[in-house]
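Since the structure comes first, as structure tokens, the remarks are kept for the end.
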Amino acid sequence: MDVGTTEKLNENENELNAQPSNDTAPEQKEPVYPELQEAPLFDLQKRDLFFTALAAAFCIFASVFGIFGGFALGYLISCVLMLGLFVFYFSESAHFKFLPIFCGALSLVNAATFICTSNGSVRFFGVVISFLLSLVCFSGLVKGSAKGNRETFMVFYSAAMTVCNIPTAVKSLFINDNGDKKTVGKVLIGLAFSIPVLIIIVPLLISSDDAFRGMMDNLFSDSLSKILKAVFGLVLSLLAVSYGFSLKKGRVSELERGEMPSLENTYVISFLSAINLCYLLYLFSQLAYFFSAFSGFLPNGQITYAEYARKGFFEMCIIAVINLIVVFLVLLVAKKENGKVCHAVKATSTFIGVFTLIIIATAISKMVLYIGAYGMTVLRLTTSAFMLFLAVVFVSVILRIFFTKINILKTALITAGVIVLLLGTVNVNAVCAKYNYESYVSGRLSSVDVEAMYELGDEGIPSLVKLTEDKNSVISDTAKKYLAKAYVNDYFEEFDKDLAFKVSTIKGKEKFKGFEQFSIPRATAYKELYAYLEENPLFGYECRTLAKDAS
């Protein structure tokens, strides 16, 4: 064996020795996790700090005098302040177009209805609708009007997700990017150091002057409750500031547009055809039953007006919700060509929409029949308004089938805002009280529900006062009992039981005497209560006894 061959064999042997043995486990590498990057601080200017200070003050005001003030004049003032603040904050580069301005104005006038009505349902939906309209207004001012349904939904999604930016917004107020404290932090530290000095000075001032003592007593009476309300307002201000910073600085979350799976039109058309056939058979089988509402008589006289109208409403509600979901899903998943569904899908979807409108119209006719027989209540009036809302939504759905530019969400939101505005402006409670009283006096109704009149609240007091003079002794006595209950339990604080109810003794004892609790119906109710007591002084002596009988 020559020398070259020997060297090659040695090299091969070294390579084999260098290779790892199969018995040795491969080296485990630790997994590498991506580092979580902290969100960059907001670059805040003087305008941002001014907005923050006003937002905190206005949110505390809204909490104390608006939310916990009975949703009356205080809430209206809060809405004006907050809406004006956000419009001012976004005004530097705002898009002042028709839709944002209209939504903002509609939001504001919805809040104004809180001094026109005491109806709880109208106020609740007024708060919700005003809030959503405000979001559309602010988003339109900063980003321009949302054109499609998806863009409109993104307005609300982005607003909700700004909650995640609260820590960054708070941190940006106190420190710079380099970690130095800002003026706001220094001011708060200075205020903190002033507290021990104020603890010594304020008691000395109170003991030195009776006027200052009286002012402090008014300011700090029920102090724990006021502190809790103020803390709640500060929490609201965190949401407001985070939303304002995020929207203005362009730091809002958005959902990525994904491709929706589509179905062959054969499946969709077969599905809709089966439903339409069922609806068609149902419509023919119930033709006399449903449409008898338009002619004003009951089918075969076998059921009462109450059963007839109530059954029609629930049928309408369930069918409308099902049909809305069906048509929405069909427009979402049906296979499209150039962004449009085929004519067969349009036709079958349109039939469902038209059928729903027929059901809604029939149900409204039934409700009119019901009201004519049994009188008007707030529930009957508000459900009729809800039917009208559904009708408008379904008209927009039918139009959306043929015209893709129709924005169903905006239509529904604006329609809801207009309906709530009308319900609050005309004051459904007052309408019901006046209608039932006049119907009873004119003889259209054989009797009147006095307890229902009392439950209408502020708006029911004027009619309740009139019913105390009714010729029917049962109704007049019942009206006096519930009127006494209003005096003792609802409108005045407790006072010396040895004193009779007189105008001179109850003035100053009102339960709703703060400016924030003012409303037109409440002011009218107090006026009627004072006037009745002056005209009927003997009523004050038996007021407490009558109130117990009504409880």
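Keep in mind it's a predicted model, so treat the numbers as computed, not measured. Residue numbers run from 1 in the order of the sequence given.
Judged by distance alone, the side chain of S134 and the main-chain N or O of S130 form a donor-acceptor pair under 3.5 Å. In this structure, K511 contributes its side chain and N489 its backbone to a donor-acceptor pair below 3.5 Å. Remark: side-chain polar atoms of R380 are paired, donor with acceptor, to backbone N or O of G375 under 3.5 angstrom. Looking only at distances, a side-chain donor or acceptor of T505 sits under 3.5 Å from a matching main-chain atom of K502. In this structure, the side chain of S121 does not engage the main chain of T382 through any donor-acceptor pair within 3.5 Å. Checked by atom type and distance alone, the side chain of E510 pairs as donor or acceptor with a backbone atom of G508 at under 3.5 Å. With S349 contributing its side chain and K346 its backbone, the two residues share no donor-acceptor pair below 3.5 Å. Between the side chain of R522 and the backbone N or O of D458 there is no donor-acceptor pair closer than 3.5 Å. At distances below 3.5 Å, at least one donor-acceptor pair connects side-chain atoms of Y487 with backbone N or O atoms of L529. Between the T162 side chain and the A159 main chain, a donor and an acceptor come within less than 3.5 Å of each other.
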Q: Tell me, with the steps shown, if N323 and T356 meet side chain to side chain donor-acceptor pair (under 3.5 Å).
A: CA-CA 7 Å; N323 289 350; T356 307; 2.6 Å; yes

Q.
Go through it in stages, so that I can follow the logic: the residues are F68 and F232, the test is ring-ring contact (aromatic ring centres under 6.0 Å, His included), and I'd like the CA-CA distance, side-chain angles, deciding distance and then a yes or no.
A. CA-CA 10 Å; F68 294 101; F232 183 76; 5.7 Å; yes

Q | Check against side chain to side chain contact (heavy atoms under 4.5 Å, CB included), L381 and T377 | A | CA-CA 6 Å; L381 196 58; T377 66; over 6 Å; no

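Atom CZ of F403 and atom CD1 of I398 lie 12.0 Å apart (nearest 0.5 Å). Put simply, CG on L445 and OG on S439 are 4.5 Å apart, with the number rounded to the nearest 0.5 Å. Here CD1 of I352 is found 9.0 Å from CZ of F394. Values are rounded to the nearest 0.5 Å. Taking OH of Y279 as the reference point, atom CD1 of I358 lies at 12.5 Å (rounded to 0.5 Å). Atom CD1 of I359 and atom CE of M387 lie 11.5 Å apart (nearest 0.5 Å). One finds the CZ atom of F90 at 4.5 Å from the CG atom of L247 (value rounded to the nearest 0.5 Å).
For the pair E516 and L73, the minimum side-chain heavy-atom distance is 4.5 Å or more. For the pair T468 and S476, the minimum side-chain heavy-atom distance is 4.5 Å or more. Counting heavy atoms from C-beta on, the side chains of K226 and I60 never come closer than 4.5 Å. Taking 4.5 Å as the limit, some side-chain heavy atom of V327 sits within range of a side-chain heavy atom of L331.
Atom CZ of F515 sits in a crowded spot, with more than 12 heavy atoms from other residues, nucleotides or ligands closer than 6.0 Å. Under a cut-off of 6.0 angstrom, the local environment of CZ in F96 is crowded, with over 12 non-hydrogen atoms contributed by other residues, nucleotides or ligands. A 6.0 Å sphere centred on CD of E494 holds no more than 12 heavy atoms belonging to other residues, nucleotides or ligands.
Scanning for salt bridge (Lys or Arg N to Asp or Glu O under 4.0 Å) contacts around K143 gives E254, with sequence neighbours left out. Not counting sequence neighbours, F351 has no partner by the ring pair (Phe, Tyr, Trp, His ring centres under 6.0 Å) test.
The aromatic ring centres of F501 and Y541 sit 6.0 Å or more apart. Between Y526 and Y491, the gap from one ring centroid to the other is short of 6.0 Å. Aromatic ring centres of F156 and F131: separated by at least 6.0 Å.
Residues Y454 and D490 have side chains that bring a donor and an acceptor to within less than 3.5 angstrom of each other. For the residue pair Y440 / D470, a side-chain donor-acceptor distance below 3.5 Å is found, with atom types taken as modelled.
Applying the side chain to side chain donor-acceptor pair (under 3.5 Å) test to pairs two or more places apart or on separate chains, those with a residue in residues 422-437 are T117-N427, N119-N429, N427-E459.
A cation-pi geometry, defined here as NZ or CZ lying under 6.0 Å from the six-membered ring centre and within 45° of its normal, holds between K507 and Y530.
Applying side-chain contact (heavy atoms from CB on, under 4.5 Å) to N407 and the options I414, L99, N149, L413 leaves one that passes, N149.
Relative orientation of the F65 and F61 rings is tilted, given thresholds of 30° and 60° on the angle between their planes.
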